[in-house]
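Here the structure is laid out as C-alpha cells; the discussion comes afterwards.
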Amino acid sequence: MSTVPPKEEMSFLDHLEELRWHLIRSVIAIIIVATIAFVFKDFIFDVLLFGPKNKNFITYRWFCSLSQNLGQGSSFCIEELPFRIQSRTMAGQFSAHLWTSVLAGFIVSFPYIIFEFWKFISPGLYEKERKNARGFIFIASLLFFVGVLFGYYIVTPLSINFLGNYSVSSEIFNDFDLSSYIGLLRASVLASGIIFELPIIIYFLTRIGVVTPDFLKKNRKISLVVVLSLSAIITPPDIASQIIVSVPILILYEVSILISRLVIRNQDKAMQNV
C-alpha cells in the first residue's frame, strides 16, 4: 500500500468540479485537433474518407491478390463501385465538414482523453498502481488506434463494397447521401475502436469484482453469440465479412480472460502480503 499520507477526502461536489475540469480540458484538446482537421479538409475527405470508395483502395487490392494466390482467380477483385455520393441539403457539405473534423479531433486526441480520465481516477489508487499510468495510457491508446485502423481498412471497405454493389433491380442506381456514407464510415471506425478496448474494460470490471476468469470461461458460448451479433451489426450481412470481423474480437476475448486471471492472481498475492 502507499506510504504517502492520503489526501483530504473530497466531497461529492468537489469530485464533480474536478471531473468538470477534466472534461473541459478534454474538449479543448478535441477542438484544437478538430480545427487543424477542418483546415486540411482536402486530405481528410479526398484521401481518407473517400479512399474506401476507390476501386484501387489498398484493401481491395490486397483481397484481390489474396484470392489469386489462393487459386480463386479474380473472385475477390473489385472492378467498380457503381454508386455516387451526393449532398441533398443546403448545409450538407458544411455539416459533414464540421462533424468529420470533430470526429478526427476525438480520434487523434484519444490518448490525451485517456490521460485526463486516468488523472481523475488515480487519486483513489495505490502508489504502485499510479506508477502504471503510462502503461495504461499506452495500451488503451494502442488498442483504440488498432481498432480504428481495423474499422477503416477492413470493416469499412467490406461494408462499402457489399452495399455499394447491392441491387434489387437494374432500374435503380445508387446515389448515396453524403451523411449516409460518412455515417457508415464513422460507425465502423468508432465501433471497432471501442470493441478493441475490451481487454481494458475487462481489466477494470475484474478489479471491482464484476467479472472473474471463471465467469468469462463459463460464458464463452454466450460471448460467441454476442460477438457474432456485434459482427452482424457493424458489417454487411455476408458470412465472409462476419468471420473476418469475428476472429479478432474472439482473440481479444481470450486475451481478456488472461488479463482477468492476472488481475485475480495479483489481488490474491496482495492479500497474502497483508
Side-chain angles (χ1 to χ4, degrees), residues 37 40-70 72-104 107 146-196 227-249:
F40 291 95
K41 66 180 181 68
D42 292 340
F43 174 77
I44 296 294
F45 279 84
D46 296 340
V47 177
L48 294 182
L49 259 66
F50 295 142
K53 71 175 290 294
N54 188 327
K55 66 178 182 179
N56 293 318
F57 188 62
I58 185 173
T59 303
Y60 302 136
R61 291 190 279 111
W62 183 80
F63 276 116
C64 181
S65 177
L66 180 63
S67 67
Q68 292 174 346
N69 291 333
L70 294 176
Q72 300 297 318
S74 58
S75 56
F76 286 95
C77 297
I78 306 298
E79 296 183 359
E80 65 172 335
L81 292 170
F83 66 88
R84 298 177 303 188
I85 298 177
Q86 61 179 340
S87 178
R88 297 181 298 166
T89 59
M90 289 292 292
Q93 295 195 52
F94 176 76
S95 178
H97 186 191
L98 180 63
W99 288 109
T100 299
S101 300
V102 173
L103 174 64
I107 292 175
V146 171
V148 166
L149 292 175
F150 180 80
Y152 179 75
Y153 284 105
I154 302 297
V155 179
T156 298
L158 290 174
S159 301
I160 290 176
N161 178 44
F162 178 83
L163 298 175
N165 283 285
Y166 190 83
S167 176
V168 295
S169 172
S170 59
E171 298 296 320
I172 303 174
F173 186 86
N174 285 329
D175 271 335
F176 298 133
D177 193 74
L178 177 62
S179 61
S180 176
Y181 176 86
I182 294 178
L184 172 67
L185 191 148
R186 178 178 61 242
S188 300
V189 168
L190 287 182
S192 298
I194 294 172
I195 288 173
F196 271 65
V227 166
L228 292 176
S229 300
L230 287 172
S231 301
I233 292 173
I234 66 176
T235 60
D238 66 275
I239 300 300
S241 300
Q242 292 183 20
I243 292 176
I244 291 172
V245 174
S246 298
V247 169
I249 299 178

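Predicted model, so just to flag it, every value in this text is computed and none were measured.
When every heavy atom of Asp177 is checked against every heavy atom of Arg88, the shortest pair comes out as OD1-NE, 3.3 Å. For the residue pair Gly51 and Tyr152, the shortest heavy atom distance occurs at CA-OH, 4.4 Å. Closest heavy-atom contact between Gly92 and Leu178: O-CD2, 4.1 Å. Of all the heavy atoms in Asn174 and Pro82, the pair that sits closest is CB-O, 4.0 Å. The two residues Ser101 and Ala37 come nearest to each other via the heavy atoms OG-C, 3.9 Å. In this structure, Tyr181 and Pro52 approach most closely via the heavy-atom pair OH-CD, 4.0 Å.
A heavy-atom distance below 4.5 Å is found between the side chains of Leu103 and Leu190. Side-chain contact between Ser180 and Leu184: absent, with no pair of heavy atoms (C-beta onward) separated by less than 4.5 Å. Taking 4.5 Å as the limit, some side-chain heavy atom of Leu81 sits within range of a side-chain heavy atom of Tyr60.
Atoms CG and CG, on Leu158 and Asn161 in that order, are 7.5 Å from each other to the nearest 0.5 Å. Distance check, rounded to the nearest 0.5 Å: CG of Leu49 to NZ of Lys41 gives 12.5 Å. Within the model, atoms OG of Ser188 and CD1 of Ile154 stand 11.5 Å from one another, a figure rounded to the nearest 0.5 Å. Once rounded to the nearest 0.5 Å, the distance linking CZ of Phe45 with CZ of Phe40 reads 15.0 Å. Rounded to the nearest 0.5 angstrom, Ile195 CD1 and Ile249 CD1 are separated by 4.5 Å.
A distance below 6.0 Å separates the ring centres of Phe83 and Phe176.
For Phe50, the CZ atom counts as densely surrounded, since its 6.0 Å shell holds more than 12 non-hydrogen atoms of other residues, nucleotides or ligands. For Gln86, the CD atom is densely surrounded, since the number of other residues' heavy atoms within 6.0 Å is greater than 12. Under a cut-off of 6.0 angstrom, the local environment of CD1 in Ile58 is sparse, with at most 12 non-hydrogen atoms contributed by other residues, nucleotides or ligands.
In this structure, Thr59 contributes its side chain and Tyr153 its backbone to a donor-acceptor pair below 3.5 Å. The closest donor-acceptor contact from the side chain of Ser65 to the backbone of Arg61 lies at 3.5 Å or more, if one exists at all. Proximity of a side-chain donor or acceptor of Thr100 to a complementary backbone N or O of Ala96 within less than 3.5 Å is detected.
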Item to check | Residue pair Phe196, Val148: steps toward the side chain to side chain contact (heavy atoms under 4.5 Å, CB included) verdict | outcome: CA-CA 9 Å; Phe196 271 65; Val148 166; over 6 Å; no

